[in-house]
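All remarks here apply to the structure that follows.
Proteins come first, then strands; the chains are lettered A, B, ... in the order of their sequence lines, and each starts at number 1.
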Protein chains: 2
Amino acid sequence: MNKNIPEIYDLIQELSWRFGNHGFNGECCGDLSLIEFMTLKKIDECKEITIQEIGNAINFTKSGASKIIDRLESKGYAIRADSPVDGRLCCVLTTEKGRETLSGIVKQYTLNLNNILREIEPQEVDQIRESLTILVDALQRYKEG
Amino acid sequence: MNKNIPEIYDLIQELSWRFGNHGFNGECCGDLSLIEFMTLKKIDECKEITIQEIGNAINFTKSGASKIIDRLESKGYAIRADSPVDGRLCCVLTTEKGRETLSGIVKQYTLNLNNILREIEPQEVDQIRESLTILVDALQRYKEG
DNA sequence: TAAAAATAGTTGACGACGGAAACCATCCGC
DNA sequence: GCGGATGGTTTCCGTCGTCAACTATTTTTA
C-alpha cells in the first residue's frame, strides 16, 4: 500500500465532513437539504429522469425518492410528467425556478470557496483542481467496475 | 476569481457526496452512522471532552450531542465520567472497544481507498496528498478567522 | 388473446433522529 | 449563603427514510 493512503483518507474525510450536511455551520443550500440539492442537481443534469433512477443515483429506495420529489415539487423546483412511452414511468424535470435556485446555490458556494482559497497561489490552485479530478475520476472508475 | 474555482467546487461536492452518509452504497461505518463515527473520532482525538464541546465540534445542540453519546455509550464505544474539577461537567472518553472499532473502520476505509487509487501513479498520489493538505489547511484557517 | 407476472410509483404506519424548551444539579459573584 | 449562570438531561415534537401493501400499467406466457 502506498504510504500516503492513510493520510489521504483522513484528509478526504475531513473535507467531506466540512462540505457535508453539518459543515458550513449547518447552513447548507438555502431552503434545500443537502439531499434535496443533490437530487435537484441530478435531475437537472439528466434533463429527464425517473423516480427509480433518482433512487439509484442517491442510494435511496424508490419510496424515499418519491418523497424527495414531493418536497421539490411543493417548493416549485421540479415537476413530474407522464412518460410518453410507458404509462408506469414518471419523468421528473427541473422548473425554471429550480434551475435558478440551483445556480444561486452554486454561485454562493463558489464565492465561499473563492474566499477560502484566496491566499493560495494560482499554480497551487491549479494543482488542487488536477488532483481532485484524478481522485474523482478514480472513484468513478471504481464505482463502474 | 480564479478560473478553477467553480470546477474545484464541483469536484469537492462530488467527493464529499461519495464519502458522505449516502455514498459507498449506504455502507458507512459498521454499526455507526457517519455522525456517530465522526463524534467517536473526535472524542478519541481529544482523549477527554465535554458534551458541550462535542456539540460545538459537530454543529449540534448540546441536546443532540447528549443523545449521540447515549448511543455510543449503549454500544459500548464511549463512557461518561464525572469531571474531577467541576461537578456539572461530563467528561466523555472512548473505551477500548471504541478504539478498536474506530481503527477497524479506518482500516477498512483505507483499504477501499487503496483499491480506488490502485492505478494512480505514485507521484500523482503524492500530489493528491499535497493538494488535499493545502485545501484542508485553508479551510481550517478560514474557519478560525 | 386472456391471464399471470413483472415493473413503476404512491401511500400509510413506523422507527430513528435532532431541536426547543423545561428542568435539575452544580458553580460562581456578591 | 443567595441569586444568577452554566452544563447536562429529559420530554415533546416535527422531519425524514424505509417497509410493505396497494394501484396502475406493461410484458410474458400459455
**Request:** Could you walk me through whether B/Y77 and B/D31 pass side-chain hydrogen bond (donor to acceptor under 3.5 Å, both in side chains), step by step?
**Result:** CA-CA 11 Å; B/Y77 295 156; B/D31 65 345; 3.1 Å; yes

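In this structure, A/E48 has no salt bridge (Lys or Arg N to Asp or Glu O under 4.0 Å) partners at least two apart in sequence or on a different chain. When the side chain to side chain donor-acceptor pair (under 3.5 Å) test is applied to A/T50, the partners found at least two apart in sequence or on another chain are A/E53. A/N114 meets the side chain to side chain donor-acceptor pair (under 3.5 Å) test with no other residue; sequence neighbours excluded. Under the rule for a side chain to side chain donor-acceptor pair (under 3.5 Å), the partners of B/N115 that lie at least two apart in sequence or sit in another chain are B/R118. By the side chain to side chain donor-acceptor pair (under 3.5 Å) test, B/T39 is found to be paired with no residue, residues two or more places apart in sequence or in another chain being considered.
Hydrophobic cluster of B/I79: the remaining members, joined at side-chain heavy-atom separations below 4.5 Å, are B/L93, listed by chain and number.
Atom CG in A/N56 sits roughly 10 Å away from atom P in C/dG9 (whole-Å rounding). D/dT15 atom P lies 16 Å from atom CD1 of A/I35, rounded to whole Å. Rounded to whole Å, the distance from CD1 on B/I54 to C1' on C/dG18 is 15 Å. Going from atom CD1 of A/I69 over to atom P of D/dC16 covers 14 Å, rounded to whole Å. Atoms CG (A/L89) and P (C/dT10) sit 11 Å apart, rounded to a whole Å. Going from atom CD of B/E36 over to atom C1' of C/dG18 covers 12 Å, rounded to whole Å. Note: CD1 (B/I58) to C1' (C/dG18) measures 10 Å, nearest angstrom. Rounding to whole angstrom units, CG of residue A/D31 and P of D/dC16 are separated by 11 Å.
A/L135 and B/I120 fall within a single hydrophobic cluster, where Ile, Leu, Val, Met, Phe, Trp and Tyr side chains are chained together by heavy-atom contacts under 4.5 Å.
Checking C/dG19, D/dT9, D/dC16 against the side-chain heavy atoms of B/K62 singles out D/dT9 as nearest. Proximity note for B/T61 (side chain, C-beta onward) versus C/dA20, C/dA8, D/dG8: the nearest is C/dA20.
Between A/S66 and A/R80 the shortest side-chain heavy-atom distance falls below 4.5 Å.
Residues B/S33 and B/C29 share a closest heavy-atom pair of O-SG, 4.4 Å.
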Which protein N or O atoms sit under 3.5 Å from an N or O of nucleotides 11-14 of chain C?
{"unit_1": "C/dT11", "atom_1": "O4", "unit_2": "A/S63", "atom_2": "OG", "d": "3.1"}
{"unit_1": "C/dG12", "atom_1": "O6", "unit_2": "A/K67", "atom_2": "NZ", "d": "3.0"}
{"unit_1": "C/dA13", "atom_1": "N6", "unit_2": "A/K67", "atom_2": "NZ", "d": "3.3"}

Can you tabulate the close N/O pairs, meaning under 3.5 Å, that link protein atoms to atoms of nucleotides 25-27 of chain D?
{"unit_1": "D/dT25", "atom_1": "O3'", "unit_2": "A/G87", "atom_2": "N", "d": "3.4"}
{"unit_1": "D/dT26", "atom_1": "OP1", "unit_2": "A/G87", "atom_2": "N", "d": "2.9"}
{"unit_1": "D/dT26", "atom_1": "O4'", "unit_2": "A/R88", "atom_2": "NE", "d": "3.4"}

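A salt bridge does not link B/D70 with B/K75: every distance from a Lys NZ or Arg NE/NH1/NH2 to an Asp or Glu carboxylate oxygen is 4.0 Å or more. One finds no salt bridge joining A/E100 and A/K97 here, because no Lys/Arg side-chain nitrogen approaches an Asp/Glu carboxylate oxygen to under 4.0 Å.
A distance of 12.5 Å separates CG of B/L15 from CD1 of B/I8, quoted to the nearest 0.5 Å.
Overall bending of the helix from C/dT1-D/dA30 to C/dC30-D/dG1, expressed as the angle between end axes built from five pairs apiece, is 10° (10° steps).
Backbone-only contact: B/G64 has heavy atoms under 4.0 Å from sugar-phosphate atoms and none from a base.
Of the residues in residues 72-81 of chain B, those with a non-hydrogen atom less than 4.0 angstrom from any atom of DNA chain D are B/R80. The stretch residues 43-53 of chain A does not touch DNA chain D, since none of its heavy atoms comes less than 4.0 Å from the strand.
Identified under the salt bridge (charged side-chain N to carboxylate O under 4.0 Å, His left out) test for residues 129-142 of chain B, with sequence neighbours left out: B/D126-B/R129.
A donor-acceptor contact closer than 3.5 angstrom is absent between the side chains of A/D10 and B/Y109. A donor and an acceptor atom, one from each side chain of A/R18 and A/Q13, are nowhere located under 3.5 Å apart.
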